[in-house]
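Index from 1, following the sequence.
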Amino acid sequence: MATAETKKTIEKQLRALIRLQHIDNRIDRIQKLRGDLPEEIQDLEDEQAGLQTRLENYEEELKQAKVDKRQADVDIKEAEGLIEKYEEQQLQVRNNREYDALTSEIETQKERISEARETIERAEKTIAANESAIADTKEDLDDLNDILDEKKEKLDEVVADTKTEEKALEEVRDEAKEQVDERYLRSYSKLRDRLRDGRAVVPLRRGAAAGFAVPPQRQVEIRKRKRVIPCEHTGRIIVDQELYEETAEATNEELNLGTGV
């Protein structure tokens, strides 16, 4: 049987848990105001980095294609000059061996010209394709940067509006944690991490807690405030409605946040 001192200690822990939950509710609400903006900004920054890398690759390919085209032009001029030289020499040769050797050199230079022209053709295609791709990528990057700037500005506004309040709440939260016994705090923290809505402590209202019916006998135990009682379905800590509202109101007054917490 629980002593009066035990009941007082348990009730104190329940109040401390409610107070901590209430503070966390307010912090959650502030963070919810930011919505998905941090994740959206991260996704946009990743996309921005991808576009920037793509743009750099296009520009590098374009640069190399221009170098290849210039070199091919030089090769053609050089080969044409050598062909002219060898053809003049053919007119002066004294035997078939020299003539055939010059003919072979001329054919080699003609092949060089043919390869250079193919290089120029490929380079021109690459230049045209990459110039178009660069223009499109820059346009995409400009559009994305505008969206990113807008998202960042919106997030900065939300953070600026709530920064002072959030900092104050975090400081009060640190103090509130110290009032909760270590074993209950561990359970509370695990529940907060597991539950999507972050509500580890919920009030008993009209025979139910967080949407789940509570058996009559357990309702009686909850109202006695002699034990920390978890929900059979979710593991949430269920507390007496009157105790919850009383503690919540006191916490609101303490934080000067009104009844909106």
Within the side chain of D36, is there an N or O that forms a donor-acceptor pair under 3.5 Å with the backbone of E39? no
Could you point out which residue of R225, R227, R223 forms a salt bridge (Lys or Arg N to Asp or Glu O under 4.0 Å) with E11? R225
Are the side chains of I113 and D75 in touch, meaning some heavy atoms are under 4.5 Å apart? no
Answer yes or no: is there an ion pair linking R192 with D28, defined by an N-O contact shorter than 4.0 Å? yes
Where do I237 and I229 land on the side-chain contact (heavy atoms from CB on, under 4.5 Å) test, with the steps shown first? CA-CA 6 Å; I237 298 166; I229 299 177; over 6 Å; no
So, Q31 versus R34: side-chain donor-acceptor pair below 3.5 Å or not? no
Check whether any side-chain N or O of S132 sits under 3.5 Å from a backbone N or O of A128 as a donor-acceptor pair, and report yes or no. no
Any donor-acceptor N/O pair, R194 side chain to T234 backbone, under 3.5 Å: yes
Y58 and D136: side chain donor to acceptor below 3.5 Å: no
Less than 4.0 Å between a side-chain N and a carboxylate O, is that true for D73 and K69? yes
What about V67 and I76, same hydrophobic cluster or not, with Ile/Leu/Val/Met/Phe/Trp/Tyr joined at side-chain heavy-atom distances under 4.5 Å? no
Using side-chain hydrogen bond (donor to acceptor under 3.5 Å, both in side chains), reason through N57 and E61 one step at a time and then give a plain yes or no. CA-CA 6 Å; N57 290 338; E61 288 177 5; over 6 Å; no
I'd like to know if K152 and E45 make a salt bridge, using a cut-off of under 4.0 Å between side-chain N and carboxylate O. yes
Between E60 and Q64, a side-chain donor and acceptor under 3.5 Å: no
So for atom CD, which belongs to E170, do other residues, nucleotides or ligands contribute more than 12 heavy atoms lying within a distance under 6.0 Å? yes
Assess whether a salt bridge exists between R19 and E175, defined as any Lys/Arg side-chain N lying under 4.0 Å from an Asp/Glu carboxylate O. yes
Parallel, tilted or perpendicular: which describes the rings of H22 and Y244, with under 30° parallel and over 60° perpendicular? perpendicular
Counting only heavy atoms not in Y99, do more than 12 sit closer than 6.0 Å to its OH atom? no
Evaluate R117 against E121 for side-chain contact (heavy atoms from CB on, under 4.5 Å), listing each step before the verdict. CA-CA 6 Å; R117 284 174 176 162; E121 185 178 352; over 6 Å; no
Is a salt bridge present between E246 and R15, judged by a nitrogen-to-oxygen distance below 4.0 Å? yes
